[in-house]
Number of protein chains: 2
Amino acid sequence: MLHLELDGSGARYEQLARALRKAIVSGRLPAGARLPPTRELATQLRLSRNTVLTAYEIICTEQLARTRGGSGTYVNTVSREPPAARGQTQVGPQSRYTERLRRLPAVTMRSASRLRYDLQYGEPYLDAALVTAWRKELSAAAARARLRYPPVQGLRELRAAICSHVGRRRGVICDADDVIVVHGTQQAVSLIARVLVDEGQPVAIEEPHYPLVAHALAAHGARLVPVPTDADGIVCSALPGAPDAIPRFVFVTPSHQFPAAVEMSLERRQALLGYASMHDNWIVEDDYDGEFRYEPGATPALRSLDSDGRVIYVGTFSKALFPALRLGYLIAPPSLRSDLLGAKRLDDLSCGTIEQLAMARFIADGGFDRHLRKAAAELRRRRTALLAGLARHAPALDIVPSRGGMHIVAWLPGWTLERLDDLLRNAAQRGLGLYPIHPHYVRPPSTPGLLLGFAGLSAAQLRAATALLGECLADMKQ
Amino acid sequence: MLHLELDGSGARYEQLARALRKAIVSGRLPAGARLPPTRELATQLRLSRNTVLTAYEIICTEQLARTRGGSGTYVNTVSREPPAARGQTQVGPQSRYTERLRRLPAVTMRSASRLRYDLQYGEPYLDAALVTAWRKELSAAAARARLRYPPVQGLRELRAAICSHVGRRRGVICDADDVIVVHGTQQAVSLIARVLVDEGQPVAIEEPHYPLVAHALAAHGARLVPVPTDADGIVCSALPGAPDAIPRFVFVTPSHQFPAAVEMSLERRQALLGYASMHDNWIVEDDYDGEFRYEPGATPALRSLDSDGRVIYVGTFSKALFPALRLGYLIAPPSLRSDLLGAKRLDDLSCGTIEQLAMARFIADGGFDRHLRKAAAELRRRRTALLAGLARHAPALDIVPSRGGMHIVAWLPGWTLERLDDLLRNAAQRGLGLYPIHPHYVRPPSTPGLLLGFAGLSAAQLRAATALLGECLADMKQ
C-alpha cells in the first residue's frame, strides 16, 4: 500500500498533490510505477474521488506522471533531488572522540584466503552438543522470562549463579550485589573507563596486550602507558611512580597474559595490589579465559587476594561458550558499584532477559560445568598435539607452553621481522594461517614471535599443521 | 572440591600451609569446616601425604584449625581480614563523568504499592501469542546461527529486513549498509553523543522529554538546551541561533512527541531540516513508537524528508515486541556511518547473533507484521475505551488524544501542582496509579498534566479505571 501523508495545509487536492510529488521526487514512487486507482486511494485516505482526480491532474500537468488512456496513471522518469550531501561520505571528525577513533590503527583481520590449517587464536573451541543444550535453555527461558524491563544490574538469578561459579572455579568470593551483567568484556572496559578516567589521564596496560581494549581506552581519551611483561607477568617495578604519571588503573590479564600466554606470579600479584593501595588507584583484572587450565594447582583470580577493594574483576561467557553470545560480567568493589551501574543504565539500560535467564539456568543445572569439562578435555588434547608437533617439526622455536587458555606463543630467537614476513607469506601460500605477536605491542619486541591458536583445529589437524610449519621453516633455510 | 593454589616459593609443606591459611582467613574455609582427608588432598595436589600432614600441623600450631581425635581436622573460629576498604561503600567521584552521573536526579520509579489499575505509560502492550512465536524464532535461530563473532554492524539478514520494514511502514528509504544494529535506543543515543559531542557543547532536547536520554547526554558532558514544544511539536523559532549556542544536534520525537503526545507538523519538520542545513549540525529522530497509529494518513518519519543527510534515525524493537528484548537500530547518514560503527565496536563489539537472526526471520516471515496488526487493533480498542471513559467521567480534563503510541496526555487547566499531588495521593490510596508529566520537564509547565498509559490495561479495566478517576476528581471538589 502506498504510504502518503497529507500535511493539512491548503486545499485537500493540493495536499495530496504535494504528497504525490514528494513520493515521486524521492523515488518512493519509481519511474514507470502505476499510481493507485483513484477510487482506491480516495477510500484509503477518506477523500472524495474528485479530490484525487484533481491531484492526479496537477501531477500530470507538472509532467511528473502521465495517463495512458483508460489504463491508469504512471510515473514519468524525473530527475531526483540532487543526492548532494547524501552522497557525501566523509565529513571532518565531529568530536574529539571521533578524532581519536579515526587515528586508531585498523584491527588486524584474519586472513581472508582459503587456508587448509588456520592457527588463529581469537575464536574459541566450538561444540555441536553445546548448541543443542543452549537451544533448550533459550527456549525454556523464553517461555519463563518476564518480558518487562530487566533490572539494570542483571537478573538476580544470573548474578547468584555467577557468584557460585566464580567462587568454585576462580576462588572469587562475592555476593550477587557485587555483580553487574554486561554485554561482554568490551562493554565492561568502556564502562570502567567512563567511571574512572578523564580525557588525558594515564591508564597502564600490559605490553603486549589485546588491541581492542587499548583502542577503547585510547578513544575514550586515556593516555596509554604500556608496561612490559616477562615470564612472571607484568613487571611491577616498571609501573609509573611519578605523582603526575600514576595511572588511574592498571589493566591486567593475570591468569593467562594476553597474548604472551604467561601467568602472573604470586609475588607480582602481591606487588601489584600493594602498588594500587599505595597510589590509591585501581586494578582491572580481565579473566578472559581463566576457565581453561591444563596443569594441576589452578591459580585463583587476582581478585581473590584483594582485601582492599581495588580490583574490578571482568569475566565473559563469550570465550567459554561462544562469541556470538554477547554476555559477560564485572564484579565491582562496593565503592564503585553504583557508579558502574549508573554508567551501564545510561549506556544501554540492561542486557536482554532471555539470554540472562538461559545462562543462569545453564550454570545452575550443571550444563555449563559439563560443557567446561568437556571443552577443557578436548582443548588439552589439542594443546598436547600442538606441543608434540612443534617439538618434532619445529624444534628451533622457543615455546611458551602456557598452562591455560587457547593459544601458545612461539618465539623465533635471532629472526628479523622481515624474515618472519617471508615465513608468513610462504605459509599462507601453502595454506597455513600463522599470526605474528608484534601487532599486539605499542613498541614491537626485538625477537619476533607467533601466536599459535589450538582451539579451532582437531588434534589430527594440528599434527598436520605442525608438519606443514616444519616444511615452511625448512624452506626458509634454503 | 577445595580450590588451593601453591605459589611455588619455599618447601612444599610451606606452600600448602600458606594456601590453607589464606583459605581460612578469607573465609573460603569457614569456621567448623572439615579440612579434606590428608590422603585425598595429597592425591589431588600430587603431593606426598607427609607434606600434607606437615602443613596441617603448622595450621594447627597457628590455632587456625584443630584435630578432633581420629575424626579429622576442623577449622577454628578466627578473626577474618579486616573488611576495611572492602566495606567502604563510598569514594569520591573518580571522573568528571561520575561527577555528572552523581548529580543526575533519580529516575522516577513506578509506584511500588499494589494498585488495582495502573495507568503507567512506560511498559508496552504484552501478548502471550507473541511469546510463543518468539520462542519458536529463537529456537530456530539458535540451531542455525553462526557461533563466531558477529559483524559489528549487525547481521546483514537483519539489516536488510529492517530496511524493508522501515521502508514499508515509516517511509524511510535506506539500504542495509546504512543500518547499525544496537542494544536499543539508549545505546544509540550514547553512541551518537560520543561521535558528535565534546564535553561542554550544547545539545537541544525537546521540553518535555524522556529523562534517560537527557541523562545520558548530560552524563556524557553535553550542555542541554531545552526547546519548548507546542501542538505542532518542537518550536523551531526557539532553537538557538547565536553562533556559540548552536547545538551539535537536536533530539526529537516527531511521530509522537514524548511525553506530550503531539505530532510534529510538516512545516516544523521542514523548518527543522532547514535549521540543521543552515547551521551544519544534526538531527536525531527517535521513532520510539512510530509503529502504532490510530488514524488514517500515517505520517512518515522525518528521515524520509531528509535530502541533506542530516537525520540519524533511531528505532527500537523493545516497544514493538517487549522491553526484555534489548534490540534496536540506527539508520545513519553515510558521512557518519563509519564513526558510529567504530564507536559501537569499542562499546561492546556487537549485538548477539541469535536474537538478531530470530528478529530477521520474524520480520521476513511476516510474524512481526502480524503481531503489529494485532497489537495495533488491541491498542486502538484500549485507547478508545480510555477516551470514552475520560469523556464520561472526567470531562474537565483537557485531553491530547494523540494519533499514535501508548499513552495520552490530560492537562488540568487552572490546577496547581499541590492540588495535583493531592489527586495522585488520593488516587493511589484508592488503588489507581496516576503519573504526572512535570518530572519530564527541565522547567515544569504552569499547567499540571497527567500521562495516561493505556497499553497495560484491557478496555474493561480502562473503563473501571476512568470511573475511579472520576470519583477521585469528585473527592477533590468537596
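Every chain is numbered from 1, with letters handed out A, B, ... down the list of sequences.
- Using modelled atom types and a 3.5 Å distance limit, the side chains of Ser190(B) and Asp347(A) yield a donor-acceptor pair.
- Side-chain contact between Leu346(B) and Leu104(A): present, with at least one pair of heavy atoms (C-beta onward) separated by less than 4.5 Å.
- Taking each heavy atom of Gln186(A) and Arg345(B) in turn, the nearest pair found is CG-O, 3.5 Å.
- Minimum heavy-atom separation, Pro150(A) to Pro323(B): CD-O, 3.9 Å.
- Minimum interatomic distance between Tyr97(A) and Arg194(B) (heavy atoms only, all atoms of both residues): CB-O, 3.2 Å.
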Check your understanding: Step by step, would you call Gln187(A) with His183(B) a side-chain contact (heavy atoms from CB on, under 4.5 Å)?
Key -> CA-CA 12 Å; Gln187(A) 185 177 41; His183(B) 284 119; over 6 Å; no

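- Neither the backbone nor the side chain of Leu321(A) comes within contact range of chain B; no heavy atoms are under 4.5 Å apart.
- For Ser350(B), the parts lying near chain A are the backbone and the side chain together; criterion is any non-hydrogen pair under 4.5 Å.
- Taken from CD in Glu199(A) to CZ in Arg96(B), the straight-line distance is 7.0 Å, to the nearest 0.5 Å.
- To the nearest 0.5 Å, the span separating CG on Leu138(A) from CG on Leu138(B) amounts to 5.5 Å.
- Contacts of Glu355(A) with chain B are made by side-chain atoms alone, with heavy-atom separations under 4.5 Å and no backbone atom involved.
- At least one side-chain heavy atom of Leu126(B) sits less than 4.5 Å from a side-chain heavy atom of Arg148(A).
- Residue Ser265(B) does not touch chain A at all, counting heavy-atom pairs closer than 4.5 Å.
- Residue contact with chain B, scored on non-hydrogen atoms closer than 4.5 Å, is absent for Arg337(A).
- For the options Val197(B), Leu325(B), Leu340(B), heavy-atom pairs under 4.5 Å to chain A are most numerous at Val197(B).
- With a 4.5 Å cut-off on non-hydrogen atoms, Ala145(A) does not touch chain B at all.
- Summarising the geometry of Phe322(B) relative to Ile354(A), their closest heavy-atom pair is CZ-CD1, 4.1 Å, with the distance given to 0.1 Å.
- For Ala343(A), the parts lying under 4.5 angstrom from a heavy atom of chain B are both the backbone and the side chain.
- Across all non-hydrogen atoms, the minimal contact from Val195(B) to Ser95(A) is O-OG, 3.0 Å.
- The most heavy-atom pairs under 4.5 Å with chain B, out of Val131(A), Leu327(A), Leu349(A), come from Leu349(A).
- Interface remark: of the candidates Ala142(B), Gly352(B), Ser139(B), Ser139(B) forms the most heavy-atom pairs closer than 4.5 Å to chain A.
- When each of Leu101(B), Val213(B), Leu191(B) is scored by its heavy-atom pairs under 4.5 Å with chain A, the top score falls to Leu101(B).
- Side-chain contact between Leu147(A) and Trp134(B) is absent, with no heavy atoms from C-beta onward closer than 4.5 Å.
- The heavy-atom pair separating Ala324(B) from Arg146(A) by the smallest distance is CB-O, 3.5 Å.
- Judged by distance alone, the side chain of Arg135(A) and the main-chain N or O of Ala143(B) form no donor-acceptor pair under 3.5 Å.
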Point to revise | Derivation of the side-chain contact (heavy atoms from CB on, under 4.5 Å) call for Leu336(A) and Gln94(B) | key: CA-CA 9 Å; Leu336(A) 296 180; Gln94(B) 297 289 301; 4.0 Å; yes

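- In this structure the side chain of Cys351(A) never reaches within 4.5 angstrom of the side chain of Arg326(B), judged on heavy atoms.
- The most heavy-atom pairs under 4.5 Å with chain B, out of Val182(A), Leu266(A), Thr185(A), come from Leu266(A).
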